[in-house]
Amino acid sequence: MTQRTVLVVLFDGVQSLDVTGPLEVFAGAEKTVPGSYRVLTAALGEGPVRSSSGLALVPDLTLATAPAPDVLLVPGGTGTRRPDPPLTDWLRVHGPRAGRLVSVCTGAVRLAEAGLLDGRRATTHWAFCDRLARDHPAVRVDPDPIYVRDGHVATSAGVTAGIDLALALVEEDLGRDTALTVARHLVVFLRRPGNQAQFSAQLAAQTARREPLRDVQQWITEHPDADLGVESLAARARLSPRHFARAFRAETGTTPGRYVDRVRLEHARRLLEDTGDGVEQVSRASGYGTPEAMRRAFVRALGTSPAEYRRRFRPTAAR
């Protein structure tokens, strides 16, 4: 087995979880499969760097003396909000030499500043997607997925999405069983595909200000198999359908139909992941009515069928 070198870049203002999350994944894989990874941290200088939370991190070596990595990982943090020409210059030279170039959270900003994302599809933390797109128009910014892979370059959303991406890389290198072992040890799920939204339906939509609309939101979540048409939901809120649809969108930022679609999709995904229920049973319980209607919804939103989704994202032990 060829040992892969993972080099994590450190700098003042780095988000400590962006560093330690992926680092624990690769270190866990090394413990599971000895000789698989060598994980190193490096900074421009020799001394410790101060993370955004105040935690001091001591790099293993300087970037000037770092070996050419198989995986070059650039974390995010408040330090990416100000220019760092020396680090940008180093990335511009050494980034293209890495086997895989990875960013977590606003680490994508550093890659973009070095021109390493030009012409590529990328993502970052949802709060900084607009800034990334505005400041770097050559980058095709996708604000929705938890991570995006474009060739040898992979970018991820905030904090925990870096763990998802690292697990995906371990699965690619060492197989699903090893990635599952690491995920179980870290007590995280090996279930989130890269095109999963950064927000669940409940988080993506704002909570309505008025109690009747909040109650309707909760009702939708608890009863995805019910009649969730606008007329039925409006009656539950004691509003006319037209007034309800207008008020719901104004207070949640999305239409009732789109909210229902996301809730049903999430419910179906959980059933496929966590139960042995058949596809027909899952489709009824999630409000789709028929397996074909659920299949169309999955292909449209996730690019895969329910059966393939279950095969890929249900834990081996559950199967």
Side-chain angles (χ1 to χ4, degrees), residues 3-27 29-30 37-118 120 122-125 128 132 136 139 147-150 152-166 168-170:
Q3 188 178 56
R4 297 173 174 86
T5 298
V6 179
L7 183 66
V8 182
V9 177
L10 302 183
F11 50 86
D12 283 327
V14 71
Q15 163 65 260
S16 59
L17 283 175
D18 288 359
V19 175
T20 59
L23 189 150
E24 290 289 350
V25 171
F26 290 115
E30 166 61 24
Y37 293 105
R38 176 175 63 151
V39 185
L40 299 170
T41 58
L44 287 170
E46 294 182 350
V49 302
R50 185 71 62 178
S51 74
S52 57
S53 63
L55 179 68
L57 301 172
V58 181
D60 295 312
L61 65 171
T62 66
L63 289 172
T65 60
D70 298 286
V71 179
L72 177 59
L73 190 149
V74 182
T78 57
T80 63
R81 300 179 193 177
R82 53 185 178 271
D84 190 342
L87 180 54
T88 299
D89 290 343
W90 187 91
L91 288 170
R92 186 178 292 115
V93 172
H94 295 272
R97 302 175 184 175
R100 286 182 293 202
L101 188 58
V102 176
S103 70
V104 181
C105 196
T106 54
V109 173
R110 284 284 181 256
L111 297 186
E113 290 170 345
L116 299 172
L117 297 183
D118 288 356
R120 295 187 182 276
T123 194
T124 186
H125 189 288
F128 294 91
L132 182 62
H136 303 281
V139 182
Y147 62 82
V148 168
R149 301 188 67 178
D150 189 332
H152 76 290
V153 178
T155 53
S156 61
V159 188
T160 57
I163 296 176
D164 291 297
L165 177 53
L169 296 178
V170 168

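Positions are given from 1, in the same order as the sequence printed here. Given the structure is predicted, the values throughout are model-derived calculations rather than measurements.
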Residue list, ring-ring contact (aromatic ring centres under 6.0 Å, His included) with H136, at least two apart or on another chain = none
Sequence neighbours left out, what passes ring-ring contact (aromatic ring centres under 6.0 Å, His included) with F11? Give chain and number order.
-> none
Are any non-hydrogen side-chain atoms of [X] and [Y] less than 4.5 angstrom apart?
X    : Y    : answer
H125 : C105 : yes
L63  : L87  : yes
P67  : L61  : yes
P96  : L116 : yes
V6   : L169 : no

Just how far is it from atom [atom1] of [X] to atom [atom2] of [Y], taken to the nearest 0.5 Å?
X    : Y    : atom1 : atom2 : answer
L101 : L73  : CG    : CG    : 9.0 Å
L72  : L91  : CG    : CG    : 6.5 Å
D118 : L111 : CG    : CG    : 11.0 Å

Pairs flagged by side-chain hydrogen bond (donor to acceptor under 3.5 Å, both in side chains) wherever residues 66-87 is involved - sequence neighbours left out = T80-T106
Residue pair T124, T155: steps toward the side chain to side chain contact (heavy atoms under 4.5 Å, CB included) verdict | CA-CA 7 Å; T124 186; T155 53; over 6 Å; no
